[in-house]
Amino acid sequence: MKHLQEKYHYAVVVFKELVKTDFQLRYQGSFLGMVWSVLKPLMLFGVMYVIFVRFLKFTDGTPTFAISLLCGTCLWSFFTESTTMGLSSIVNRGDLLRKVHFPNYIVVAATNTGALISLGLGLIVVILFGAFSGAHFTWRVLLVPFSIIQLYCLALGVSLVLATLYVYFRDIAQIWEVLLQALFYSIPIIYPLSMVARSYPIVAKLMMLNPIAQPIMDIRHNLLSPEYVPTVWTNTADLGGAIDTPDVPAEWQWLNSPCLNILPYLFTVLVLWLGIHLFRKYSQKFAEVL
């Protein structure tokens with residue numbers, strides 16, 4: 001029992017040090033330092049807002065669309081940063097893994113936790129902006145941490161899978177970069193779901209079953225705008241008057257089944273389990289390969 005306690009304590013100490021080191025090295029040498037963790041999503045939001053909202057009119061006309069765009073940008077940046085840095089984390093820490101014996105998964109989890117800290121700073125900015133831009137804060141704010149945990153678990157599961165594959169196949173980095181671009185445009189972040197739901201309600205429903213889109217939309221809904229931001233539990237044909245969609249054809253009525261709404265949650269659990277399983281299976285050989 002004492003041995004297990006010492007082993008657990010050692011793992012926690014290593015984890016904390018890795019999180020601290022990764023977060024500090026991320027902006028080492030830059031003039032603004034950790035300010036970039038807030039400034040980057042703000043700058044990305046500014047570019048998207050000008051191009052897609054002002055010029056291309058990708059908006060639903062609701063008063064909270066701009067702040068929802070900022071929130072979605074922060075959440076997507078977290079997922080991108082977690083998986084991209086998690087992908088190469090084992091390879092980047094190869095020297096450490098060969099010299100020091102500790103659970104390898106800590107390296108990936110520490111990288112994801114560093115991205116989670118950046119997300120926390122970004123969400124503070126979102127809340128501050130929301131207070132001055134018409135965001136509607138309700139009791140649903142209490143549900144936000146659960147959605148953040150879900151998104152973190154999904155990112156961790158994906159990171160574990162990618163980190164395992166990257167040790168053996170370095171091409172996976174380029175493949176994942178392309179997939180991230182495709183995923184980004186398949187999620188209603190820069191455009192409102194109503195743009196899709198007006199003409200393609202079936203596609204809109206399927207988009208909401210995306211395990212990445214679901215927690216992002218849930219956080220925006222619960223944190224900023226329960227009236228205008230839909231969730232997987234919201235009927236796309238009735239979003240509080242936000243959109244007006246045609247009826248779903250009879251052969252697609254099964255999409256309205258409440259049972260389908262749990263698919264994103266089940267997929268998140270499946271991805272996390274798969275990541276842990278693959279990582280545990282091949283991690284013992286990492287030091288040899290690296």
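Side chains included, hydrogens not; waters and symmetry mates left out as well; all remaining heavy atoms used.
- Expressed to the nearest 0.5 Å, how far CG of L75 lies from CD1 of I219 amounts to 4.5 Å.
- The shortest distance between side-chain heavy atoms of L143 and S147 does not fall below 4.5 Å.
- With Y166 as the aromatic partner, R170 meets the cation-pi criteria of under 6.0 angstrom to the ring centre and within 45 degrees of the ring axis.
- Transitive grouping of hydrophobic side chains (ILVMFWY, heavy atoms separated by less than 4.5 Å) keeps L224 and F146 in distinct clusters.
- Not one N or O on the side chain of Y282 forms a donor-acceptor pair closer than 3.5 Å with the backbone of L165.
- For the atom pair OG1 (T268) and CD1 (I262), the distance works out to 12.0 Å, reported to the nearest 0.5 Å.
- Taking both residues in full, the closest heavy atoms of V232 and M208 are given as N-CE, 3.4 Å, listed atom of the first, atom of the second, then distance.
- In terms of heavy atoms, V107 sits closest to S89 at CG1-O, 3.6 Å.
- To the nearest 0.5 angstrom, N210 atom CG is 8.5 Å from F267 atom CZ.
- The aromatic rings of F184 and W76 are tilted relative to each other, their planes meeting at an angle between 30° and 60°.
- Judged purely by atom type and a 3.5 angstrom limit, N104 uses its side chain to pair as donor or acceptor with the backbone of S283.
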Run the side-chain donor-acceptor check on residues 119-129: report pairs under 3.5 Å with partners two or more places apart or on a different chain.
none

Quiz item: Step by step, would you call L266 with L270 a side-chain contact (heavy atoms from CB on, under 4.5 Å)?
Solution: CA-CA 6 Å; L266 294 177; L270 177 63; over 6 Å; no
Would you list the atom pairs, donor with acceptor, under 3.5 Å between side chains in residues 156-164 and any protein atom, with sequence neighbours excluded?
from: S159; atom 1: OG; to: S82; atom 2: O; distance (Å): 3.2
from: S159; atom 1: OG; to: N112; atom 2: OD1; distance (Å): 3.4
from: S159; atom 1: OG; to: N112; atom 2: ND2; distance (Å): 3.4
from: S159; atom 1: OG; to: A155; atom 2: O; distance (Å): 2.7
from: T164; atom 1: OG1; to: L160; atom 2: O; distance (Å): 2.7

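- Between R140 atom CZ and H221 atom NE2 the span is 4.5 Å, to the nearest 0.5 Å.
- Side-chain atoms of L116 and I148, non-hydrogen and from C-beta on, do get closer than 4.5 Å to each other.
- Applying the 6.0 Å contact sphere to CZ of F137 captures more than 12 heavy atoms from other residues, nucleotides or ligands.
- Atom-to-atom distance recorded for M85:CE and T80:OG1 is 12.5 Å, nearest 0.5 angstrom.
- Residue H136 comes nearest to P226 through the heavy atom pair O-CD, 3.6 Å, listed as atom of the first residue, atom of the second, then distance.
- D218 and Q214 share a donor-acceptor pair across their side chains, judged by distance under 3.5 Å alone.
- Side-chain contact check for T113 versus Y152: some heavy-atom pair is nearer than 4.5 Å.
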Which side-chain N or O atoms in residues 64-73 pair as donor and acceptor under 3.5 Å with protein atoms at least two apart or in another chain?
from: T64; atom 1: OG1; to: S225; atom 2: OG; distance (Å): 3.0
from: S68; atom 1: OG; to: T64; atom 2: O; distance (Å): 3.0
from: T73; atom 1: OG1; to: L69; atom 2: O; distance (Å): 2.7

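- Taking CG from L87 and CG from N92, the interatomic distance works out to 9.5 Å, rounded to the nearest 0.5 Å.
- Closest heavy-atom contact between R220 and V229: CB-CG1, 3.9 Å.
- Side-chain contact between L180 and T84: present, with at least one pair of heavy atoms (C-beta onward) separated by less than 4.5 Å.
- Hydrophobic clustering of Ile, Leu, Val, Met, Phe, Trp and Tyr side chains at less than 4.5 Å, counting indirect connections, unites L278 with I175.
- The shortest side-chain heavy-atom distance between M207 and I187 does not fall under the 4.5 Å cut-off.
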